[in-house]
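Structure first, commentary second.
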There are 2 protein chains.
Amino acid sequence: MISFDTFKPTEGTPIYQQILLFIKRGAVAGTIRDGDELPSRRVLSALLGINPNTVQKAFHLLEEEELIVSQAGAKSVMKITEEKIQKLREDLLRENIRSITGALRQMGISREEAFKLIDQFWEEEETEA
Amino acid sequence: MISFDTFKPTEGTPIYQQILLFIKRGAVAGTIRDGDELPSRRVLSALLGINPNTVQKAFHLLEEEELIVSQAGAKSVMKITEEKIQKLREDLLRENIRSITGALRQMGISREEAFKLIDQFWEEEETEA
DNA sequence: TTGACTGTATTATAGAACTAATACAGTTGG
DNA sequence: CCAACTGTATTAGTTCTATAATACAGTCAA
C-alpha cells in the first residue's frame, strides 16, 4: 500500500496536480513500484482532509496516463514499466530545471552563484530531515 | 518606459502573477530601475493580448507592495529602493530554490546529478539566446 | 452469501481567474 | 483650452478548482 505520510499539500497549486506529482516523483525515485496498491479514494481523502472528488480527479488522470489501473470494486494498482519511468524522469527533470534556470537568469544570477545557493539550501534541508 | 519584449506568458500560472514576477525579477536584475515608467494598463493589455482587468490586477498588487506609485490620469512609475530590491532578491531566490531542491529530492536525484543537469540546461539556454 | 468496502457518476454550490463592456474623473501634450 | 490618454470602478459571464451530498454497481473477505 502506497504511503502518503510525506505528502504535504501546498497552497497555490491545485491539490489534484500535487497528488499526480507525488505519485510520479515516487515512481521516479523508486519508492513507488509496479503492482503497488493505492489507498481507496475515500480513505485517502479522509487522510488528507480533502474531498473524495479531488482524489478521484487525480486518480482519473493517472488512469488516463496509464500509470494506474482501476476496476470497480477493487483498489487501484500502479502499472508502470521501466520505460514509462524513464520518460517520467526526463519530463519532470526538464520541466523543473527549465523553470529554475529561467527564473535565475531573469534575476541576473550567474551560474556560479546559482550553484552556491543550491548547495546551501540542499544542506539546510538535509539537516531538517 | 519598461519593455515587455521578453515577457512570454506561460500556461498553468495566473497571468497577473507572471506580470508581478516579471517586474520583480527585472528589479532584482537591475534592468528595471526606480523612476521607470510602466506602460499604461490599456497599452500593455493590447500588447500582450490579454484583458485590461488582468493587467490592472497585477499593477494594483504592485501598488499594494509599494513597488510602484499610481495616480489617476498619469502613468504608473517604479518606486524601489536598494533595500526593497535586496528583500525581493532574497524572497525570490529562497522561494525558487526551495521548490527545485524539494522536487529533485522527491525524485531521488543526488546533489551531484542536480548540478550536472543544471549545468547542461544552462548551456542549452545560452546557445538559444 | 452477505455486508462492508471498492470505483464511478451525477448534480449543486462557491470562490478564483479571466474576459468583456462600460463609465467616470484626473493628467498631459499640442 | 481640450482632446486624447491615463487610472479606477462596476457589473456580468465563463472556466477551473474544490466541496458537498448522493446513488449505483462491482469486489472481496469473513
Side-chain angles (χ1 to χ4, degrees), chain A residues 1-4 7-24 32 34-80, chain B residues 1-4 7-24 32 34-80:
Chain A
M1 176 76 76
I2 296 173
S3 165
F4 278 76
F7 181 79
K8 305 283 179 211
T10 315
E11 284 180 11
T13 311
I15 300 176
Y16 77 92
Q17 284 184 16
Q18 296 185 49
I19 296 176
L20 277 182
L21 270 184
F22 181 81
I23 298 289
K24 289 181 177 179
I32 293 178
D34 184 73
D36 283 357
E37 271 188 350
L38 288 96
S40 82
R41 273 76 163 161
R42 284 175 251 258
V43 164
L44 182 56
S45 65
L47 194 68
L48 301 181
I50 62 178
N51 194 276
N53 296 342
T54 303
V55 178
Q56 163 62 9
K57 182 165 190 175
F59 282 21
H60 180 65
L61 289 173
L62 284 173
E63 179 115 49
E64 279 189 339
E65 295 193 40
E66 295 186 352
L67 297 175
I68 70 173
V69 282
S70 301
Q71 183 183 186
K75 290 216 187 73
S76 295
V77 170
M78 295 300 302
K79 185 193 171 191
I80 43 177
Chain B
M1 175 76 77
I2 296 174
S3 165
F4 278 75
F7 181 80
K8 305 282 179 211
T10 315
E11 285 180 12
T13 311
I15 299 176
Y16 76 93
Q17 284 185 16
Q18 296 185 49
I19 295 176
L20 277 182
L21 270 184
F22 181 81
I23 298 288
K24 289 182 178 179
I32 293 178
D34 185 72
D36 284 355
E37 271 189 349
L38 287 95
S40 82
R41 274 76 163 160
R42 283 175 251 258
V43 165
L44 182 56
S45 65
L47 194 68
L48 300 181
I50 62 178
N51 195 276
N53 295 342
T54 304
V55 178
Q56 163 61 9
K57 181 164 189 176
F59 281 22
H60 179 65
L61 289 172
L62 284 173
E63 179 115 50
E64 280 190 339
E65 295 192 40
E66 295 185 353
L67 297 176
I68 70 174
V69 282
S70 302
Q71 182 183 188
K75 290 214 187 75
S76 295
V77 171
M78 295 300 301
K79 186 193 171 191
I80 43 178

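Numbered from 1 within each chain, the chains take letters A, B, ... in sequence-line order. Reckoned from all heavy atoms, side chains included, excluding hydrogens, waters and symmetry mates.
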Given the options A/R41, A/E63, A/E37, A/S76 meets side-chain hydrogen bond (donor to acceptor under 3.5 Å, both in side chains) only with A/R41

To the nearest angstrom, the NE2-P distance between B/H60 and C/dC18 comes to 16 Å

Closest of C/dG7, C/dT8, D/dT19 to the A/S40 side chain is C/dG7

| What does B/Y16 touch in the nucleic acid at a heavy-atom separation under 4.0 angstrom: a base, only the sugar-phosphate, or nothing? | sugar-phosphate

For this session: Mind running side-chain contact (heavy atoms from CB on, under 4.5 Å) on B/L61 and B/E64 for me, showing each step along the way?
Result: CA-CA 5 Å; B/L61 289 172; B/E64 280 190 339; 3.6 Å; yes

Could you walk me through whether B/F59 and B/L67 pass the side-chain contact (heavy atoms from CB on, under 4.5 Å) test, one step at a time? CA-CA 9 Å; B/F59 281 22; B/L67 297 176; over 6 Å; no

Letter by letter from the 5' end, nucleotides 24-30 of chain C scores (B base, S sugar-phosphate only, - none; protein heavy atoms under 4.0 Å) --BSS--

From CG of B/L44 across to P of C/dT19 the rounded distance in Å is 12 Å

When rounded to whole Å, the NZ to C1' distance for the pair B/K57 and C/dT19 reads 13 Å

Minimal heavy-atom distance between B/I32 and B/F22, with the atoms involved, is CD1-O, 4.3 Å

Regarding the side chain of A/N53, the nearest nucleotide among D/dA18, D/dA21, C/dG7 is D/dA21

Q: Taking the side chain as every heavy atom from C-beta outward, state whether A/I15 and A/K57 have any atom pair closer than 4.5 Å.
A: no

From CD1 of B/I50 across to C1' of C/dA20 the rounded distance in Å is 14 Å

With a 4.5 Å cut-off on side-chain heavy atoms, are A/H60 and A/Y16 touching?
no

Taking only the side-chain nitrogens and oxygens of A/S76, find out if one of them lies under 4.0 Å from OP1 or OP2 of C/dT6.
-> no

From CZ of A/R41 across to P of D/dG26 the rounded distance in Å is 17 Å

**OP:** Check whether any side-chain heavy atom of A/L38 lies under 4.5 Å from a side-chain heavy atom of A/L44, and answer yes or no.
**Re:** no

B/I15 atom CD1 is separated from D/dC16 atom P, nearest whole Å, by 14 Å

From CD of A/Q56 across to P of C/dT10 the rounded distance in Å is 12 Å

To the nearest angstrom, the CG-C1' distance between B/N51 and C/dT22 comes to 12 Å

From the candidates D/dT8, C/dA17, C/dG7, the one with an atom nearest any side-chain atom of A/S70 is C/dG7

